[in-house]
Each structure stands twice: as C-alpha cells, then as structure tokens.
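Below is one structure; the comments refer to it alone.
All ligand and atom numbering here is 1-based and tracks the order in the structure. As the structure is a computational prediction, the values presented were derived from the model and not from experiment. Hydrogens, waters and symmetry mates play no part in the numbers below; they use all other heavy atoms, side chains included.
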Amino acid sequence: MHVVKVELGARSYDILIGAKLEKLGEEMGRLRFGRKTAVVTNPTVNRLYGQRVLKALAAADFLAMPVEVPDGEQYKTLDWANAVFTALLINTFDRRSPLVALGGGVIGDLTGFAASCYMRGVPFIQVPTTLLAMVDSSVGGKTGVNHPMGKNMIGAFYQPRLVLMDLDTLKTLPKEEFLSGMAEVIKYGVIWDRELFDFLDKNREKVLAQEQGPLGHIIRRSCEIKADVVSKDEREGGLRAILNLGHTVGHAVETLSNYTVRHGEAVAIGMVYAAKLAHRSGQCDARVPERVEKLVRDYGLPFSLSVLKRRPSVTELMDAIQVDKKAEGGKVRLVLPKKVGEVVMSGEWDEQQLRALLAE
Ligand SMILES: NC(=O)c1ccc[n+]([C@@H]2O[C@H](COP(=O)([O-])OP(=O)(O)OC[C@H]3O[C@@H](n4cnc5c(N)ncnc54)[C@H](O)[C@@H]3O)[C@@H](O)[C@H]2O)c1
C-alpha cells in the first residue's frame with residue numbers, strides 16, 4: 001500500500017493506494033467518527049463489492065447501511081441527493097455519521113455533495129472503483145450534481161476525510177471505462193510530468209494488461225500530481241485550472257453527444273485539439289500535438305470529432321464551448337501545452353484558428 005497525503009491544513013487527508021477493501025473499517029476506525037455509517041453506491045457496484053465493504057465495516061463495529069442510487073450519470077441529480085437525505089433522516093443519522101461513496105465518479109460526486117449538505121456537513125470517505133475516480137474525481141473535493149441546464153452546476157468544494165483505493169476492483173471494470181480513466185492519466189503527463197508521459201508511452205501493453213507494478217505507478221503519480229495541485233490551489237483560483245486541459249472542447253463533445261461519449265473520451269479529444277491549437281498559435285512546436293495524438297490513439301481513445309454520430313456544425317461546437325465562457329466572465333482562457341509536461345492558461349489564441357481546426 002502507498003499513502004499520498006493531500007495537504008490542506010486541518011482538512012488534510014490520506015489517499016491509500018492499493019489498500020484492500022477489507023481494511024476500510026480499520027482505517028475509518030482511526031478517524032473517530034460516529035458508529036452509524038451509510039455506504040452510498042449503485043446496484044452494479046453493490047453487487048460486486050457491497051458485501052465486502054459492509055463486512056469490513058461491521059468488523060470494526062460500524063453499523064453500516066447500504067443506500068442505492070441507480071447506475072448512470074442521469075441520476076447524479078438533486079432528486080437523488082434528496083433520496084439519500086431521506087434515507088439518512090429515516091435512519092436517524094446524525095452529524096457524526098460518515099457517508100462512504102463506493103463507486104465511480106458519479107457516486108463520488110453525488111455522495112460528497114450529500115455529505116456537504118446533510119446537517120450542514122458530515123464526514124465522507126471515498127472508495128473509488130473506476131480508474132477515472134481513482135486518478136481524478138475522488139481526490140480534490142469537487143462534489144456536485146447535474147442540473148437540467150448544465151452538468152455539475154450545483155455543488156460544493158468539500159474534501160473527503162479519507163480515500164481508499166483497492167486496485168483489484170478495476171479487474172471488473174469494463175474496458176471502455178478503464179480507457180476513459182487513462183485519458184485523465186495521460187492528461188497529468190501533458191500538464192505536469194514528462195516522465196509519466198514517457199512511461200505511458202513505453203509501458204502501454206503492461207498498463208493496458210493492468211500489471212500491478214505499472215498500474216500502481218501511474219495511479220500513484222496521478223494522485224501525487226492532483227494532490228500537489230489541489231494543495232496549492234484548493235478552490236481553483238489559478239493553478240488548479242490546469243487540470244482542465246482538454247475539458248473545454250471535451251465538454252462541448254460530451255454535451256453534443258448527449259453524454260454518450262464518456263468524460264475521459266471527451267477529454268482525450270479535447271487534449272488533441274488543445275495541443276493542435278497551441279501549435280497553431282505558436283505556443284509549442286509540432287512534436288507536441290503529434291506526441292499527444294499518438295499516445296491518445298495508442299491507448300485506443302478517440303482523438304477527433306468523428307466519434308460523434310452526427311457531426312455538429314462549427315457554430316454548434318462554438319456555442320457549446322461558450323458555456324465555459326459565461327462561467328469565466330466573458331473570456332475563454334484555454335489550457336494549452338507549451339511542451340509535454342508543461343501548460344499555460346492562455347487567452348492568447350485565435351478564434352478563427354479554433355474554428356478552422358473544428359471544421360477540419
Ligand atoms: N469531482 C471531480 O473532480 C470530477 C472529476 C472528473 C469527473 N467527475 C465526474 O465523474 C463522473 C464520471 O465518473 P466515472 O467515469 O467513474 O463514471 P461512473 O461513475 O458512471 O462509472 C462508470 C460505470 O462503471 C461502473 N462501475 C464502477 N466501478 C466498477 C467496477 N469496479 N467494476 C465494474 N463496473 C464498475 C459504474 O456502475 C458505471 O456504470 C462524471 O459525473 C464526471 O462529471 C468528477
């Protein structure tokens with residue numbers, strides 16, 4: 001097991017990478033919560049891992065209760081957060097009762113949000129079971145639900161008290177979901193760590209075969225980078241925005257596909273476009289978009305808009321991108337690579353060049 005610390009003063013917490021699910025009760029026991037705990041999960045994950053988690057909690061004297069939310073992004077809503085509140089109220093959960101999020105990013109975001117609101121905040125623990133949740137969504141404290149008018153529009157910054165990752169849970173994850181998480185790992189290489197990027201390049205087969213050593217290494221590096229960035233800028237006042245590489249065009253792709261393109265797949269496409277735009281606007285040399293696109297392709301991830309069943313017009317794409325523009329007060333600042341391992345947040349890009357790229 002490897003421990004990565006997220007340093008946030010009184011709100012610091014450990015990420016336990018490679019801990020068995022059976023250790024959950026013992027690890028939570030150290031944190032002096034109330035005895036009553038709810039394991040928020042979905043039917044898919046509950047069937048696979050629910051019993052092991054409940055048993056681990058019972059063994060450490062927790063009174064654990066499962067709370068199921070249906071499986072799917074469309075259930076990451078206020079209504080389902082409310083269903084969680086109702087289950088907690090019926091069972092007289094109090095302010096010391098922790099919530100455990102057992103599942104992927106959807107369960108993690110929803111549970112964290114519910115924990116931030118229930119009785120003005122109860123402790124919560126992330127037990128991510130997808131690669132994307134392990135390397136990205138379970139770390140850093142962004143929680144939330146979707147609104148019919150926009151994804152992740154309702155939420156809170158609310159840090160977990162502990163993150164426990166059992167890498168064996170990835171063995172049951174469908175391949176496409178694993179690859180979707182790989183896009184976020186590639187992202188860390190591009191924004192922060194050339195060595196990680198080169199490692200992914202050299203060890204592709206081992207990573208894709210989920211060999212323990214290489215898999216543990218890339219998850220650990222991703223968590224270290226995210227922990228580092230979040231520790232320096234918890235609320236995205238500046239630096240944290242670099243984690244959004246590929247997310248502007250990616251967000252447009254997700255929206256226009258009606259969420260049939262997975263988050264990580266959309267980020268992969270977005271990264272390729274960001275690298276091409278960076279080159280065209282003179283921020284990096286031609287090798288950068290070449291290398292980014294090659295790695296994305298090598299990992300079997302989509303790299304162009306042809307992934308969309310219906311090719312949207314450039315205007316539709318630009319409109320979808322404007323959603324970010326509103327959020328940023330009128331100016332779209334994009335994360336653009338300068339080289340592999342370094343990015344800039346920049347408003348210095350030409351709209352015509354982006355339009356031309358999207359039209360190709
Ligand atoms: N909070 C953040 O910082 C952050 C960052 C990135 C993404 N997100 C959010 O994360 C969500 C996407 O997360 P995701 O990609 O994990 O999707 P997900 O939670 O929908 O999980 C994908 C699928 O895998 C299944 N699954 C989960 N673990 C499994 C396992 N071990 N074996 C078999 N099946 C398993 C799930 O039931 C689901 O069907 C989006 O809502 C996105 O907005 C949040």
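Legend: residues meeting side chain to side chain donor-acceptor pair (under 3.5 Å) with K171, ordered by chain and number and at least two apart, are D168. Evaluation of the side chain to side chain donor-acceptor pair (under 3.5 Å) rule for K202 yields no partner, not counting sequence neighbours. Here S306 pairs with S304 under the side chain to side chain donor-acceptor pair (under 3.5 Å) rule; sequence neighbours left out.
At a cut-off of 3.5 Å, with distance as the only test, no side-chain donor of T77 or N146 sits close to an acceptor on the other residue. When only modelled atom types and interatomic distance are considered, E211 and N203 share no side-chain donor-acceptor pair under 3.5 Å. With hydrogens and angles left out, the side-chain atoms of D166 and T169 include no donor and acceptor closer than 3.5 Å.
For ligand 1, the 4.0 Å heavy-atom shell takes in N42, T44, V45, L48, Y49, D71, E73, K76, G104, G105, V106, D109, T129, T130, L132, D136, S137, K142, K151, N152, T169, T172, L173, P174, E177, K226, H263, ordered by chain and residue number.
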